[in-house]
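Heads up: the structure comes next, in C-alpha cells.
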Amino acid sequence: MTAPIKLVVLISGNGSNLQAIIDEIECGRLNAHIACVISNRADAAGLQRAAKANIKTKVVDHQLFESREDFDQALMQSIDQEKPELVVLAGFMRILSDPFVEHYLGRMINIHPSLLPNYQGLNTHQRVLDAGESEHGATVHYVIPELDSGPVILQARVPVLADDDALTLADRVHQVEHKIFPESIRRIAAGEVTFSHGVVYYNQQPISYAQQQFNMLP
Ligand code: GRF
C-alpha cells in the first residue's frame with residue numbers, strides 16, 4: 001500500500017461532498033489523508049463535519065481582505081503550509097485569480113453541478129429545468145484559469161424527471177457528485193489519472209470521452 005495522497009479541501013458551505021470524501025477514506029476505499037479543510041466562511045456547516053472527523057480546519061475570511069489578490073495570497077499561504085499533493089474545491093464559492101490557479105495547475109480539482117461544457121456558472125439546476133433538458137449531471141475537472149472549463153476527469157449523468165423542481169434535481173445530482181468526486185481522487189491517488197500541459201491522461205493515454213463517463217443513461 002502506497003502512502004495516502006495528501007489533500008487540502010476548500011469549502012464554503014454544507015460540505016456534503018467533503019463528507020463523501022471523508023466517508024470513503026474512513027471505510028478504506030480511498031487511500032487519502034485530509035491535512036486540512038479551509039473555508040472562506042466561518043459559518044460553513046462543512047467545518048463541523050471536518051471537526052467531527054478530527055480534521056484540522058482553518059477559516060480564511062474573504063471579507064477581511066481588500067482585494068481578491070490579497071485574499072488569494074493568504075489562502076495560498078494557508079494551503080501551502082500543509083504541503084498538499086492535491087487541492088480539492090468542494091463547493092468553494094469564490095472565483096480564484098489567475099496566479100492562484102497557475103500555482104496549483106495540475107494539482108487542483110473542482111466539482112461542478114452540470115454536464116460541462118454545458119451550464120457553466122451558477123444556478124445550474126434551475127437553468128437546466130428552464131431549458132427543458134432531459135438529462136443533467138455533474139463534472140469533476142482540473143482547474144484552469146477559465147472558469148468551469150478545465151479538462152474533465154469524470155462526469156455522471158442523471159435524468160431530469162417531469163415533476164422535478166430545482167431542489168429534487170439538485171438532490172439527484174448530489175447523489176452522483178458523492179460518487180464521482182471520491183472516485184476521481186482515487187484515480188489520481190492511484191496514478192491512473194494524470195494531468196500534463198492541459199490534457200488529462202487515463203493510464204498514460206489521453207482520456208477518452210467514454211473513460212470520463214461514470215454512468216450512462218439507458
Ligand atoms: C455542489 O453541488 C458542487 O457541485 C458545487 O457546490 C455544491 C457543494 O455542495 N460546486 P456541498 O457543500 O458539497 O454539499
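We count ligands from 1, going down the list as the structure has it; atoms in each ligand are counted the same way.
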Among all protein heavy atoms in this structure, tell me which lies nearest to [atom], with the distance rounded to 0.1 Å.
atom                    : answer
atom 14 (O) of ligand 1 : Ser16 OG, 2.5 Å
atom 9 (O) of ligand 1  : His174 NE2, 3.3 Å
atom 10 (N) of ligand 1 : Ile111 O, 2.9 Å
atom 4 (O) of ligand 1  : Glu177 OE2, 2.6 Å

Which option, Gly15, Gly13, Gly91, owns the non-hydrogen atom nearest atom 12 (O) of ligand 1?
Gly15

Between Glu135 and Arg157, does at least one N-O distance fall below 4.0 Å, as a salt bridge requires?
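Counted as a salt bridge, because a side-chain N and a carboxylate O are separated by less than 4.0 Å.
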
Over 12 foreign heavy atoms within 6.0 Å of NZ, Lys58
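Count over threshold, so yes.
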
Drop me the distance from Arg127's CZ to Asn118's CG, to the nearest 0.5 angstrom.
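Atom-to-atom, Arg127:CZ and Asn118:CG are 10.0 Å apart.
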
Given Asn110, which partner from the list Val87, Val143, Leu116, Thr139 fulfils the side-chain contact (heavy atoms from CB on, under 4.5 Å) test?
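Of Val87, Val143, Leu116, Thr139, side-chain contact (heavy atoms from CB on, under 4.5 Å) with Asn110 is met by Val143 alone.
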
Just do the salt bridge (charged side-chain N to carboxylate O under 4.0 Å, His left out) check on Glu24 and Arg186 with the steps written out, would you?
CA-CA 10 Å; Glu24 289 297 290; Arg186 191 199 64 72; over 6 Å; no

Could an N or O of ligand 1 be found under 3.5 Å from any N or O of Met93, whether backbone or side chain?
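Not met; the criterion fails.
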
Which of parallel (below 30°), tilted (30 to 60°) and perpendicular (above 60°) describes Phe195 and Tyr142?
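Geometry flag for Tyr142 against Phe195: tilted rings.
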
Ligand 1 atoms in contact with Asn14 (distance to a heavy atom under 4.0 Å)
12 (O), 14 (O)

